[in-house]
Number of protein chains: 2
Amino acid sequence: MKVTIYDVAKKAGVSIATVSRVINNTGRISEKTRKKVLEVMETLHYQPSIVASALTGKRTRTIGLIIPDVANPFFSEIARKVEDRGRELGFNVLMCNTDNNPDTEEMYLSLLKQKSVDGIIIGTTTKNYTVLNELLRENFPIALIAQDIPELAIDVVRVDDFLGGYLATSHLVSLGHKKIAIMLGNLSRTSDKYRFQAYRQVLEENGLEYNEKLVICTDYSMEDGKRAALELLKSSQRPTAIFACFDALAVGVYQAAKELGLNIPNDLSVVGFDNTILATIVDPPLTTIAQPIDEMGRQVVDLLVRGIEEEKHTKQRVILPPELIIRNSTKENVSK
Amino acid sequence: MKVTIYDVAKKAGVSIATVSRVINNTGRISEKTRKKVLEVMETLHYQPSIVASALTGKRTRTIGLIIPDVANPFFSEIARKVEDRGRELGFNVLMCNTDNNPDTEEMYLSLLKQKSVDGIIIGTTTKNYTVLNELLRENFPIALIAQDIPELAIDVVRVDDFLGGYLATSHLVSLGHKKIAIMLGNLSRTSDKYRFQAYRQVLEENGLEYNEKLVICTDYSMEDGKRAALELLKSSQRPTAIFACFDALAVGVYQAAKELGLNIPNDLSVVGFDNTILATIVDPPLTTIAQPIDEMGRQVVDLLVRGIEEEKHTKQRVILPPELIIRNSTKENVSK
DNA sequence: CAAATGTGGTTAAGCGCTTTCTCTAATATC
DNA sequence: GATATTAGAGAAAGCGCTTAACCACATTTG
């Protein structure tokens with residue numbers, strides 16, 4: 001049924017080694033036999049089995065992509081770029097969603113290895129290093145996107161989160177806001193941590209009081225954002241501005257504001273982070289910190305592929321600059 | 001370096017056949033040897049190579065998912081569900097974006113086969129049937145999601161697009177709208193076609209005039225929607241309501257309306273389709289036709305897996321009911 | 001013109017696993 | 001107690017491919 005290299009060899013009157021050589025363009029083959037073999041391959045609709053060739057030490061030309069959730073616009077945009085660049089370089093991508101569950105992540109890590117992927121791109125918050133370390137030790141190609149593990153020498157492509165946080169907070173401060181809240185995911189995630197550190201530093205630099213009540217750690221979805229915003233906006237310490245560390249959270253803020261009858265940006269300024277499609281859809285359009293997602297997606301794949309193809313590849317961190325995109329969700333503070 | 005079945009066999013003092021048996025839970029193994037082998041596997045961190053086992057006729061436990069674009073919320077939500085259900089059943093998913101380019105699609109189809117995936121889920125508008133037909137002929141497991149190819153006996157999971165179009169248009173008619181426009185993607189795509197047919201039928205049933213000027217075929221993105229809506233809203237035949245066949249197009253309509261200073265729903269009612277996350281984010285929240293995405297995702301995978309695992313599986317079409325979700329983007333027609 | 005060199009190809013081993021066939025030893029049967 | 005069963009395990013072939021080692025022949029070279 002299935003046509004194999006033997007069928008081709010037989011029909012072309014050569015050995016399978018010869019066929020293999022024309023497939024891979026290796027060794028010396030006379031123009032005549034090459035033609036003949038190619039011809040037979042064509043008529044037989046022959047397609048080399050990647051599984052078989054992988055078994056003999058060749059690449060599977062497949063990479064794994066581990067992210068929290070493709071349904072989250074930020075990651076779906078990343079996934080798209082990764083796939084695009086992967087295709088350009090001849091790699092397919094195996095998509096894995098973990099919801100940031102460490103067990104799921106660990107499971108995928110070892111599963112992907114079992115499946116002999118050539119490398120893995122990780123966009124989740126890695127908490128459990130055991131499997132990861134093991135892979136790293138045996139020099140398995142791994143690259144991180146949009147997160148970092150500072151204590152590891154590892155390939156990383158991410159935005160400068162500190163700078164992003166700095167830009168966002170500074171923007172609000174420059175608009176005269178004094179009570180600025182920040183909503184983030186999990187401080188164990190480096191991206192969140194850096195944004196938070198920048199937030200604190202800007203407050204300090206501007207002589208603004210740091211108030212713990214204005215810091216909310218939540219999760220990454222809109223519902224989480226809404227819940228957190230509701231809490232924030234109902235409190236006696238109601239902020240005049242919120243820096244939401246993800247656009248999704250910012251959307252939650254919009255929903256909360258609407259429910260409470262607050263107008264954005266008149267009653268409340270909000271800055272997001274990521275500049276996903278959400279930022280442009282929402283009304284008013286969201287001021288946010290843009291991550292160069294396209295560039296990031298392209299670069300992780302490039303980095304990973306170098307790790308795959310080059311014998312001695314030096315790990316590196318690629319830290320890209322964020323950009324403040326001012327739209328209509330932020331406005332001069334008028335209160336008091 | 002890499003630990004193989006031989007290492008395990010040697011250390012456990014048994015043959016590789018025995019090890020294979022305990023891995024796969026086949027054949028008769030004494031409790032004692034099983035224990036021993038499992039123990040050795042554990043201490044050696046042994047992980048069977050799926051590539052090698054695939055070569056001997058076992059499954060790769062990988063399925064392909066071909067969609068236009070994961071960055072499109074509808075498909076990212078589908079992708080997520082497919083992956084979830086796949087994981088439950090022990091399958092990984094290889095993500096392929098085609099942008100509805102037939103060549104890319106064809107390329108993926110044969111690439112996926114080369115990679116020995118166990119089956120393929122297709123969510124794109126298939127135009128070129130040659131490769132598809134070939135796969136079908138050799139009984140390669142394939143399932144369609146959110147689209148159909150009526151002339152083929154094939155596994156399909158989709159929403160009842162006609163009913164969806166019917167509900168959407170009827171809703172607008174019942175609100176007293178007479179000039180109802182429709183924006184769709186490509187009439188060669190069955191989903192679009194059925195929605196359009198329903199639109200026409202509803203008009204007819206209600207004695208409303210069908211006006212070609214109010215039908216716009218565009219593409220699937222927001223920009224396309226905006227462009228189309230601008231055209232529609234600037235024309236002398238300005239409609240009082242628009243049925244956008246995808247939420248993304250509807251968002252484009254919002255943007256166009258905003259640009260023209262038109263208020264939704266007061267100046268213009270709009271109904272979307274899909275009930276993606278976009279519908280709830282947008283302001284005012286979008287009245288739309290909900291597709292049971294979760295259910296669809298689950299069911300395609302189930303169907304596909306049946307095709308993979310059951311020798312004689314009868315192809316079937318699973319057609320799920322859509323639901324009209326009334327939010328605030330539609331309103332009684334007051335004009336004239 | 002014998003030896004060296006180059007060209008085009010074949011043979012065969014091996015990748016890590018599954019599975020059929022076979023064999024041995026223990027247990028059951030009469 | 002001899003024979004029939006059965007449980008447990010091993011030997012070996014084979015999956016489709018790559019590649020190192022090898023070989024036959026033609027062509028150069030001094």
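Just so it is clear: chains get the letters A, B, ... in the order the sequence lines come, proteins before strands, and each one is counted from 1.
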Nearest atoms (heavy-atom pairs only) where A/Thr125 meets A/Ser188: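 That closest heavy-atom pairing would be CG2-OG, 4.3 Å.
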
Where along nucleotides 5-15 of chain C does protein come under 4.0 Å, by heavy atom, of base (B) or sugar-phosphate alone (S), with - for untouched nucleotides? --BBSBB--BB

Is there a donor in the side chain of [X] and an acceptor in the side chain of [Y], or the other way round, less than 3.5 Å apart?
| X | Y | result |
| --- | --- | --- |
| B/Thr33 | B/Ser30 | yes |
| B/Thr26 | B/Asn24 | no |
| A/Asp118 | A/Thr60 | yes |
| A/Thr62 | A/Lys115 | no |
| B/Gln147 | B/Thr190 | no |

Lys/Arg-Asp/Glu bridge criterion (N-O < 4.0 Å) met for A/Asp294, A/Arg298: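 No.
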
Close approaches to DNA chain C from residues 37-48 of chain A, in residue order (heavy atom, under 4.0 Å):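 Under 4.0 Å from DNA chain C: no residue of residues 37-48 of chain A.
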
Starting at atom [atom1] of [X], determine the distance to atom [atom2] of [N], rounded to an integer number of angstrom.
| X | N | atom1 | atom2 | result |
| --- | --- | --- | --- | --- |
| A/Lys113 | C/dG16 | NZ | P | 12 Å |
| A/Ile23 | D/dC17 | CD1 | P | 7 Å |
| B/Ile50 | D/dG16 | CD1 | C1' | 18 Å |
| A/Arg61 | D/dT18 | CZ | C1' | 16 Å |

Once side-chain hydrogen bond (donor to acceptor under 3.5 Å, both in side chains) is applied, do any residues pair with A/Ser15, and if so which ones, sequence neighbours excluded?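 Result, side-chain hydrogen bond (donor to acceptor under 3.5 Å, both in side chains) vs A/Ser15: A/Thr18.
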
A/Ser49 side chain near D/dC17 phosphate (N/O to OP1/OP2, under 4.0 Å):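 No.
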
